[in-house]
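All of these numbers come straight from a predicted model, not from anything done at the bench.
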Amino acid sequence: MGREPGPGAGPPLLIACALGIEQFALRSGERGGASGPVTVLRTGMGPDRARRAVSRVLGEEPRRDAAVIASGFCAGLAPGMHPGDLIVADETRGPDGTTLCTGTELMVKALTKAVPRHAVHTGPLIGSDHVVRGPERAALAAGGAIAVDMESAATLRTATSCGPRPVAAVRVVVDAPEHELVRIGTVRGGISAFRVLRAVLPAFFEWHRSLLLPRR
């Protein structure tokens, strides 16, 4: 699930995702470079499971002060998005309110370097307690959101309620208005999104390291 700290390690990083395939992609992409211990947590699907899992892990040492990234797949809401595009939230929106993300520009820059030739979209990421399709997707887009998933808003809201910390949400579009999927991993779009998710960890580590630098 994670790596324990070594000598002189920095603060920990918690990466939360819902599905086993997401956890596998994120963990299989590890190549070192983290500034502290890293945990890739599978929360299970849905906001309630995300809240419980994140609250439990952040209540344990040595992860009480961990920076938190919500990651995995999502549904894109804007026309012209494609499977494999990246979503970097500047805020997450859920029934409990809005959570502002930390270092959004840093994350965009790091992802552009780590995953070139893939579009990176920035904007509000909205939470849902169910899979969103068709007209409901269009209604969320009309409200300003650029993507939707079931766990990010709950993950970041829970993380900040457990104490001040850097938080971010980075998702890979697995389906979009013109590219709706029935099941992840069974068609080309799902495979493309999986490959992109495998490549994001260096960007997460760079974001984490950048936030630890002394501020002048």
Side-chain angles (χ1 to χ4, degrees), residues 14-23 25-26 40-58 66-79 81 83 85-104 107-108 111 120-177 179-181 183-184 190 193 196-197 200 204 207:
L14 173 66
I15 303 169
C17 59
L19 304 175
I21 190 173
E22 294 168 335
Q23 185 184 47
L26 288 162
V40 180
L41 171 69
R42 178 184 176 186
T43 64
M45 286 185 65
D48 290 339
R49 289 190 176 97
R51 290 186 193 99
R52 288 194 297 268
V54 172
S55 179
R56 172 180 55 80
V57 171
L58 293 181
V68 175
I69 298 175
S71 194
F73 303 126
C74 71
L77 298 176
M81 287 184 172
D85 283 5
L86 286 149
I87 302 295
V88 179
D90 56 13
E91 64 182 33
T92 57
R93 300 174 180 175
D96 298 330
T98 297
T99 303
L100 297 179
C101 296
T102 311
T104 300
M107 184 69 84
V108 169
L111 285 166
V120 180
H121 308 271
T122 305
L125 176 61
I126 196 164
S128 174
D129 61 2
H130 59 278
V131 175
V132 174
R133 298 193 184 281
E136 188 177 5
R137 183 185 299 226
L140 293 176
I146 64 168
V148 59
D149 75 86
M150 296 173 65
E151 297 83 26
S152 291
T155 293
L156 299 199
R157 195 70 172 176
T158 301
T160 55
S161 71
C162 291
R165 69 191 72 245
V167 293
V170 177
R171 293 276 172 169
V172 181
V173 173
V174 74
D175 69 344
H179 304 274
E180 285 198 358
L181 300 185
R183 196 163 59 247
I184 291 173
V196 173
L197 192 60
V200 298
F204 291 0
W207 172 86

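Among T122, D90, L86, the one residue that satisfies the side-chain contact (heavy atoms from CB on, under 4.5 Å) test with V108 is T122.
A distance of 10.5 Å separates CD1 of I15 from CD of Q23, quoted to the nearest 0.5 Å. Remark: L156 CG to S161 OG distance equals 10.5 Å, nearest 0.5 Å. Separation of atoms CZ (R51) and OG1 (T155) is listed at 9.0 Å; rounding is to 0.5 Å. To the nearest 0.5 Å, the span separating CG on L125 from CG on D149 amounts to 4.5 Å. The OG atom of S128 sits 10.0 Å away from the CD atom of E151 when rounded to the nearest 0.5 Å. To the nearest 0.5 Å, the span separating CG on L111 from CD1 on I87 amounts to 11.0 Å.
M107 is not listed as a side-chain neighbour of V120, based on a closest heavy-atom distance of 4.5 Å or more. Side-chain contact between T92 and T98: absent, with no pair of heavy atoms (C-beta onward) separated by less than 4.5 Å. Put simply, the side chain of V173 reaches to within 4.5 Å of the side chain of C74, judged on heavy atoms. For the pair L26/V200, a side-chain contact is recorded, criterion being any heavy-atom separation below 4.5 Å from C-beta on. Within the 4.5 Å cutoff, the side chain of R137 has heavy atoms near those of the D175 side chain. In this structure the side chain of R56 reaches within 4.5 angstrom of the side chain of L41, judged on heavy atoms.
Applying the 6.0 Å contact sphere to CZ of R165 captures more than 12 heavy atoms from other residues, nucleotides or ligands.
Smallest separation of non-hydrogen atoms from A145 and R93: N-NH1, 4.1 Å. Smallest separation of non-hydrogen atoms from V54 and A16: CG2-CB, 4.3 Å. The two residues A159 and V68 have their closest heavy-atom pair at CB-CG2, 3.8 Å. The minimum heavy-atom distance linking S71 with V170 is given by the pair OG-O, 2.9 Å. Contact between C101 and A169 at its shortest, heavy atoms only, is SG-N, 4.2 Å. Closest of all the heavy-atom pairs between D129 and M150 is O-CE, 3.5 Å.
Of the possible donor and acceptor atoms, one in the side chain of W207 sits under 3.5 Å from a partner among the backbone N and O of T102. A donor-acceptor contact shorter than 3.5 Å is absent between the side chain of R42 and the backbone of L19.
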(request) May I have the step-by-step check of side chain to side chain contact (heavy atoms under 4.5 Å, CB included) for H121 and D85, ending in yes or no? (result) CA-CA 8 Å; H121 308 271; D85 283 5; 2.9 Å; yes
(request) Please test D96 against R157 for salt bridge (Lys or Arg N to Asp or Glu O under 4.0 Å), starting from the C-alpha separation and ending with a verdict. (result) CA-CA 8 Å; D96 298 330; R157 195 70 172 176; 5.6 Å; no
